[in-house]
Amino acid sequence: MENISEKEYYKTTTDSPIGKITLGSDGKNLVGLWIDGQRFFEESVPKKMLVNDDLNIFACIKEWLSRYFDGKKPLISELPLSPIGSEFQKTVWKMLTEIPYGNTITYGELAQKIAKNRGIKSMSAQAVGGAVGRNPISIIIPCHRVIGANGNLTGFSGGIAKKLLLLQHEGVNTKQFYNPDGNVKQSV
């Protein structure tokens, strides 16, 4: 098994309706997608990424994002994803990929699903929230679809405004949610 710190990692950028996006890859798989200004930006990659705008994986991701932002519903399974994190984080991120387009789930509901899958009585919603917040492949692994209890729009490392934009783009009625940032306009 290859040591991840011995691999080379590459990055490129692309523009999107929600701002500049940086893509990270190990040459074959997507390891990161970060929205400009996002917390934990490139943190999961174990070494400095080299700029390479010509990788096939980047062309595939850009095409997927183009379809997504054009209102199509491209499948996550079309892409080779390899997020870097702990086994627990990877379990949470895998569960995120199962949230249907245009739907939301609470951190508590997600914690209950993980507990059930693991055959345990309960799981901490805070632990799940920590893993969701460190998702290194935003948008594609849809952490924006996770909301707090009672519809609280919280916990998106790209910011509440971008979370709202993504949810609205997917047709979610965001007026049903509590917006902790009164400066962010909720439409739709």
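Residues take their numbers from the sequence shown, with the count starting at 1.
- Heavy atoms of other residues, nucleotides or ligands lying less than 6.0 angstrom from NZ of Lys113 number 12 at most.
- When the side chains of ILVMFWY residues are joined at heavy-atom separations under 4.5 Å, either directly or via intervening members, Leu33 and Leu50 end up in a single hydrophobic cluster.
- Separation of atoms CD (Glu109) and CD1 (Ile99) is listed at 9.5 Å; rounding is to 0.5 Å.
- The main-chain N or O of Tyr101 is found under 3.5 Å from a side-chain atom of Asn103 such that the two form a donor-acceptor pair.
- Leu167 is listed as a side-chain neighbour of Lys163, based on a closest heavy-atom distance under 4.5 Å.
- Separation of atoms OG (Ser138) and CG (Leu166) is listed at 8.5 Å; rounding is to 0.5 Å.
- At least one side-chain heavy atom of Leu96 sits less than 4.5 Å from a side-chain heavy atom of Val132.
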Check the pair Val128, Ile114 against side-chain contact (heavy atoms from CB on, under 4.5 Å), reporting the backbone distance first and the verdict last. CA-CA 9 Å; Val128 169; Ile114 292 169; 4.0 Å; yes

Output, in order, the C-alpha distance, side-chain angles, deciding distance and verdict of salt bridge (charged side-chain N to carboxylate O under 4.0 Å, His left out) for Glu170 and Lys73. CA-CA 9 Å; Glu170 293 183 9; Lys73 298 177 185 177; over 6 Å; no

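- Distance check, rounded to the nearest 0.5 Å: CD1 of Ile140 to CD1 of Ile76 gives 8.0 Å.
- Ring planes of Tyr68 and His144: perpendicular class, angle over 60° (limits at 30 and 60°).
- Looking at Trp93, its side chain does come within 3.5 Å of a backbone N or O of Ala131 through a donor-acceptor pair.
- Note that CG of Leu153 is 7.0 Å distant from OG1 of Thr174, once rounded to the nearest 0.5 Å.
- Residues Leu75 and Leu65 fall into different hydrophobic clusters, defined by Ile, Leu, Val, Met, Phe, Trp and Tyr side chains chained together at heavy-atom separations under 4.5 Å.
- The backbone N or O of Ser66 sits nowhere less than 3.5 Å from a side-chain atom of Lys72 that would complete a donor-acceptor pair.
- Smallest separation of non-hydrogen atoms from Ser16 and Phe69: CB-CE1, 3.8 Å.
- Checked by atom type and distance alone, the side chain of Thr91 pairs as donor or acceptor with a backbone atom of Glu87 at under 3.5 Å.
- Between the CG atom of Asn117 and the NZ atom of Lys94 there is a distance of 10.0 Å, given to the nearest 0.5 Å.
- Contact of the Ile105 side chain with the Ile147 side chain is not registered, since no non-hydrogen atoms from C-beta on lie closer than 4.5 Å.
- Listed for the Ser25 side chain is a donor-acceptor partner under 3.5 Å among the backbone atoms of Asn29.
- Under the salt bridge (charged side-chain N to carboxylate O under 4.0 Å, His left out) criterion, Arg67 pairs with Glu63, Glu78, sequence neighbours left out.
- Annotation for Asn150: atom CG does not count as buried by contact number, only 12 or fewer foreign heavy atoms lying within 6.0 Å.
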In sequence, state the C-alpha distance, the side-chain angles, and the governing distance for Gln89 and Arg134, and then conclude on side-chain contact (heavy atoms from CB on, under 4.5 Å). CA-CA 8 Å; Gln89 288 172 326; Arg134 293 200 180 263; 3.9 Å; yes

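- The CG atom of Asp26 lies 4.0 Å from the NZ atom of Lys7; values are rounded to the nearest 0.5 Å.
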Run the side-chain contact (heavy atoms from CB on, under 4.5 Å) test on Thr13 and Trp34 for me, step by step, so that the C-alpha distance in whole Å, both residues' side-chain angles and the decisive distance to 0.1 Å come before the verdict. CA-CA 9 Å; Thr13 59; Trp34 302 277; over 6 Å; no

Test side-chain contact (heavy atoms from CB on, under 4.5 Å) on Met123 and Phe88 and set out the steps. CA-CA 11 Å; Met123 168 69 56; Phe88 175 71; 3.7 Å; yes

For residues 51-61, dump all side-chain donor-acceptor pairs below 3.5 Å to protein atoms at least two apart in sequence or in another chain.
from	atom 1	to	atom 2	distance (Å)
Asn52	OD1	Asp54	N	2.9
Asp53	OD1	Thr12	OG1	2.5

